[in-house]
Amino acid sequence: MIIDKAFYLRNDVLQIGQELLGTILHTRVDNKITSGIIVETEAYCGSIDRASHAYPGKLTNRNKIMFEAGGRAYIYLIYGIHYLFNIVTNKSDMADAILIRAVEPVSGVETMMQRRGKNSMERITSGPGILTEAMGIDKSFYGEDLTGNRVWLEYAPGNFEKIQIVKTTRIGVDYAGDDAKLPWRFYIKDNPWISKP
DNA sequence: TAGAGGATTGAT
DNA sequence: TCAATCCTCTAC
């Protein structure tokens, strides 16, 4: 079952960040469908979180999609190299978003290995910058509706009930001072696909 | 309009 | 440990 708009529009980015674990992310690029179970996320809250691009409610040309209503994709380039995929949540003017840091490949594995230039499944989607490459996500997905037919999410019945969620600090946000210590990174306990330093 | 730096990765 | 690499933001 496709995850609908109401899921993303709730005013609780931390709750949504955890509920996304175990759901399935799909993309359709070049008529090829790739899918993966979301196993690692990070929450960013624009109004109170110094690690967020939208702190403190700052609207720029880059992050403006975060101020739209939830259920859209926020894509941006980091270090001039990698695109990162974020899910916008909450109602309009509330700049909350969730970074997808890792997925577990489910289908379209051949396509993902090909895009990553690898011969094995090892580490083809275990990191925010490489899962976008594997799934064909680039800047053209900026603002894409997450209930459309290029990228969408789906509930995986039973998954959420059986997983254990680990809460810890986010990665690469040392510049955010005390907010870098917030336990807003979530991942599935013992899952081999989470990103590793 | 120029300059600094980043929600990362992979090779050394 | 460190370079790659380019877009965005900020200040002049």
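Chain naming here is simple, since letters A, B, ... match the order of the sequence lines and numbering starts at 1 in each. These numbers come from the heavy atoms of this one structure, side chains and all, not from hydrogens, waters or symmetry mates.
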Mind calculating the distance between [atom1] ([X]) and [atom2] ([N]) to the nearest angstrom?
| X | N | atom1 | atom2 | value |
| --- | --- | --- | --- | --- |
| A:H53 | C:dT10 | NE2 | P | 11 Å |
| A:Y83 | B:dA7 | OH | P | 16 Å |
| A:I78 | C:dC6 | CD1 | P | 14 Å |
| A:E42 | B:dG6 | CD | P | 16 Å |
| A:F186 | B:dA7 | CZ | P | 18 Å |
| A:Y79 | C:dT8 | OH | C1' | 14 Å |
| A:I81 | B:dA7 | CD1 | C1' | 15 Å |
| A:E122 | B:dT9 | CD | P | 15 Å |

Tell me what [X] touches on the nucleic acid: a base, only sugar-phosphate, or nothing, going by heavy atoms under 4.0 Å.
| X | value |
| --- | --- |
| A:R62 | sugar-phosphate |
| A:G129 | sugar-phosphate |
| A:R50 | nothing |
| A:R123 | sugar-phosphate |

Original post:
Which nucleotide, in any strand shown, forms a Watson-Crick or G-U wobble pair with B:dA7, with both distances under 3.5 Å?
Top reply: none

Original post:
If we call it a pair only when both distances are under 3.5 Å in a Watson-Crick or G-U wobble match, what pairs with C:dT5?
Top reply: none

Original post:
Can you tell me how far C1' in C:dC2 sits from the matching atom in B:dG5, rounded to whole Å?
Top reply: 16 Å

Is the shortest distance from a Lys or Arg side-chain nitrogen in [X] or [Y] to a carboxylate oxygen in the other one below 4.0 Å?
| X | Y | value |
| --- | --- | --- |
| A:E42 | A:R170 | no |
| A:R185 | A:E40 | yes |
| A:E133 | A:R116 | yes |

Original post:
Are A:I16 and A:W152 connected, step by step, through hydrophobic side chains (Ile, Leu, Val, Met, Phe, Trp, Tyr) whose heavy atoms are closer than 4.5 Å?
Top reply: no

Original post:
Does the side-chain ring of A:Y44 sit on the six-membered ring of the B:dA7 base, less than 5.5 Å centre to centre and under 30° in tilt?
Top reply: yes

**OP:** Hey, which sits more toward the 5' end of DNA chain C by its nearest nucleotide, A:H82 or A:K139?
**Re:** A:H82

Original post:
A:F7 ring centre to A:R10 NZ or CZ under 6.0 Å, with the angle to the axis within 45°?
Top reply: yes

